[in-house]
Amino acid sequence: MEYILHIVIMLNIYILLVLSANLPVGLANLLSICQAAFYGIGAYFSAYFLLQWNLPFVVVALIVMCLTGLCSLVVSFASVKLKGDYFVLATLAFQMIVFTILYNWTEVTRGPYGISGIPSVKLFGIISLSGIYGYFALTTVLSLIVILLFGNLKKSPFGRVLTAIRSDELTVLSIGRNPARFKNYAFFISAAFSGLAGLLYASYISYIDPTSFTLDESIFILTALFIGGIGNIKGPVFGALVVVVLPEILRFVGLPDAMAANLRQIIYGLILVLLMYFKPQGLMGELKIKN
Amino acid sequence: MLLKIKNITLSFAKGKDSFKILNGLNLDVPKGKITALIGGNGAGKTTLFNIISGFQKDFSGEISYCHCGLDPQPPLRLENLRADKISRLGIGRLFQSKGLLPHLTLLDNMKLCSNDTSGEFPFAYLFRNKKLLAIENEKEMKAKNILTQLFGENNKYLGMLNAMGCDFSYGEQRLLSLAGLFMGNYDLLLLDEPTAGVNPVYIENIKDIIRKMVAAGKTVLLIEHNMLFVKDLADIVAYMDDGQIKFTGTPNEIINNQEVKNSYLGIE
Ligand SMILES: Nc1ncnc2c1ncn2[C@@H]1O[C@H](COP(=O)(O)OP(=O)(O)OP(=O)(O)O)[C@@H](O)[C@H]1O
Ligand SMILES: [Mg+2]
């Protein structure tokens with residue numbers, strides 16, 4: 001039972017991450033490969049605030065989301081000047097820099113040793129949310145709220161402008177909207193909610209180290225997004241479901257012990273490749289991925 | 001004059017050489033009239049539109065725009081403004097060979113063309129949902145009104161408001177893009193080849209729409225290769241060649257001009 005709850009909690013965290021990635025990547029057509037950097041920034045800020053201050057969950061969440069959002073401005077400013085591949089490289093650089101800082105600034109982040117003993121979040125300031133059941137409830141409620149929030153966001157006038165930017169920035173400019181401004185908003189929101197995922201992860205696992213927030217992790221998030229499909233809400237949610245649950249299912253396929261781990265990796269990779277081959281627009285996506 | 005274009009010069013670098021596309025071009029666009037810009041392929045007509053609407057910078061010369069209505073105000077200079085700012089001043093544009101936004105519904109395409117940007121701040125709907133819904137409804141009413149006025153009562157587009165932009169034929173997309181320009185309260189409309197790729201029945205429709213634009217107090221500057229269309233519609237025609245406006249006149253004067261006949265129309 002606890003095993004299943006753990007998977008659901010991780011699924012909820014990934015739903016936040018993949019939905020956040022969908023905002024710049026799926027809606028604004030900005031291929032960002034630094035989503036894990038925002039996730040990590042959120043986790044480290046959370047560790048600091050949870051260890052140093054005795055604040056209720058909502059307050060920590062708001063602070064962490066704002067701070068992570070502010071960090072996104074570094075990337076947004078790049079998006080104004082750099083187009084296409086150059087922008088992707090800028091996000092790659094950001095990802096590397098964040099990882100390097102987390103890994104090497106040992107006085108603050110404890111570098112490769114990571115930070116342990118991160119306390120659980122305190123709901124309403126008093127009840128310490130502990131145990132797997134508490135986190136199951138909290139992350140499920142939050143992921144449902146975020147699904148609703150992002151669903152509405154996409155249908156709102158803001159989502160309309162973002163969808164337009166994905167198709168044609170010149171048209172957006174010609175009707176008097178500045179695409180750069182909307183991209184900044186999209187990145188801010190994306191980073192903020194990735195930061196929230198970082199908070200949930202850090203306080204749930206109670207230990208973080210830089211290896212959870214690498215380029216690989218960013219690519220993992222994007223993989224989930226592309227498998228599920230970009231643009232709408234059910235695509236990213238479904239993508240998170242596939243990448244989180246599929247490896248767990250493969251655990252139960254009777255594979256010979258000696259090579260189980262490797263075989264699982266191969267099968268997992270193969271399934272992903274086949275999915276992309278037969279469903280290039282993702283399983284539930286709104287549109288084809290274009291370059 | 002609504003728009004005064006003075007001494008515009010622009011070169012594009014191609015490899016080592018640089019080509020002068022516009023070479024001291026002057027053009028005046030009078031208010032409330034239809035001005036047609038004609039000229040050969042590659043003459044620089046679209047480039048001139050890009051300059052006016054702020055997409056092309058790095059040129060020399062002056063563009064002044066007088067959006068002042070009745071009270072005398074100094075005309076605004078557009079050279080250093082960004083494209084979205086220029087649009088907000090009241091200059092709208094139909095791009096050469098662009099249709100509707102493919103992944104938005106017709107209604108969203110129309111709403112997006114509105115100059116009212118309220119509610120476009122992320123999560124704004126969480127805080128002032130009622131007011132926002134009212135504004136959205138207003139935009140929808142306006143879109144329906146425009147479609148009714150342009151295409152008649154119970155026209156088929158009213159029933160297709162929720163169809164995606166890419167589901168319309170190219171000609172329809174051009175017509176509907178023109179319709180979208182009524183959503184923003186523009187004073188000057190730059191139409192780049194509104195009839196290209198559109199069948200004769202639709203061309204009559206487009207003529208009609210452009211006349212309605214002028215009747216609504218708008219000024220139109222259009223690029224066109226279809227001379228019958230220009231002859232029917234335009235008040236003033238400007239002929240562009242060698243990076244300059246070579247002649248300006250009424251449609252008849254231009255059509256009978258010997259140089260235009262030889263070098264553009266290809267008749268002796
Ligand atoms: N960004 C650019 N870089 C280099 N050359 C360009 C650029 N934009 C346009 N040109 C060149 O400028 C010239 C004028 O192009 P423009 O699109 O303005 O022509 P046009 O008059 O609109 O022609 P058409 O009637 O075919 O649409 C062309 O020779 C084109 O190749
Ligand atoms: Mg052109």
Side-chain angles (χ1 to χ4, degrees), chain A residues 20 23-24 26-29 65 69 72 80 145-146 148-193 229-232 281 285-290, chain B residues 49-50 52-56 81-96 98-105 107-126 129 132-133 135-136 139 164-166 177 180-181 183-186 189-190 192:
Chain A
S20 300
L23 211 52
L27 284 174
N29 206 7
M65 288 172 77
S72 79
V80 177
I145 291 176
V146 170
L148 284 179
L149 219 52
F150 278 39
N152 271 315
L153 188 66
K154 181 176 182 320
K155 277 186 254 148
S156 74
F158 174 70
R160 188 159 69 209
V161 181
L162 279 193
T163 312
I165 289 174
R166 179 179 62 197
S167 306
D168 189 352
E169 277 186 41
L170 290 187
T171 301
V172 173
L173 270 167
S174 82
I175 51 176
R177 272 73 163 175
N178 182 4
R181 227 179 88 212
F182 287 89
K183 289 179 181 175
N184 292 351
Y185 293 152
F187 253 112
F188 190 97
I189 298 169
S190 173
F193 280 91
I230 62 173
N232 54 14
Q281 72 276 42
E286 186 177 69
L287 37 95
K288 284 206 168 62
I289 296 151
K290 52 167 195 168
Chain B
F49 269 21
N50 285 340
I52 300 172
S53 49
F55 289 104
Q56 176 69 53
L81 299 181
R82 221 174 37 210
D84 55 317
K85 183 81 205 298
I86 291 177
S87 162
R88 289 199 294 276
L89 287 175
I91 301 182
R93 169 149 186 205
L94 177 78
F95 285 94
Q96 180 169 10
K98 263 190 199 174
L100 296 171
L101 291 162
H103 304 298
L104 286 177
T105 63
L107 184 59
D108 276 340
N109 265 284
M110 297 284 286
K111 281 179 173 175
L112 194 63
C113 291
S114 163
N115 54 347
D116 181 355
T117 61
S118 45
E120 286 177 3
F121 191 78
F123 298 122
Y125 64 92
L126 285 184
N129 213 354
L132 207 75
L133 282 179
I135 292 172
E136 287 286 290
K139 286 184 187 172
M164 287 290 162
C166 54
S177 304
L181 290 174
M183 289 293 291
N185 291 327
Y186 295 118
L189 295 166
L190 308 175
D192 200 340

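Lettering follows sequence order; numbering is per chain, from 1.
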Chain B contact via L153(A) - which portion, at a heavy-atom distance below 4.5 Å: both
Ring center gap for F158(A) and F123(B) short of 6.0 angstrom: no
Gap between atom OG1 of T117(B) and atom CG of N178(A) - 0.5 Å precision: 11.5 Å
Contact winner vs chain A - N115(B), L112(B), I86(B), L101(B), heavy-atom pairs under 4.5 Å: L112(B)
Other residues, nucleotides, ligands: >12 heavy atoms within 6.0 Å of K85(B) NZ: no
Side chain / backbone / both / neither for K139(B) at chain A, heavy atoms under 4.5 Å: side chain
Euclidean distance, E120(B) CD relative to L162(A) CG, rounded to 0.5 Å: 10.0 Å
Nearest-0.5 Å distance that lies between atom CD in E136(B) and atom NZ in K155(A): 12.5 Å
Rounded distance (nearest 0.5 Å) linking atom CD of E169(A) with atom CG of D84(B): 11.5 Å
Proximity breakdown for N50(B) and chain A, heavy-atom pairs closer than 4.5 Å: neither
Heavy-atom contact with chain B under 4.5 Å, split by part of F182(A): side chain
Heavy-atom pair of closest approach, residues D116(B) and R177(A): O-NH2, 3.7 Å
Pairwise distance CZ(F55(B)) to CG(L173(A)) - rounded to 0.5 angstrom: 5.0 Å
N/O donor-acceptor pair under 3.5 Å between R93(B) side chain and S174(A) backbone: no
Contact leader toward chain A among G180(B), S53(B), G184(B), S114(B), where contacts are heavy-atom pairs under 4.5 Å: S114(B)
Considering all heavy atoms, the nearest I175(A)-S87(B) contact: C-OG, 3.3 Å
Under 4.5 Å from a heavy atom of chain B, the part of L149(A) involved: both
Check: P102(B) and S167(A) side chains under 4.5 Å, non-hydrogen atoms: yes
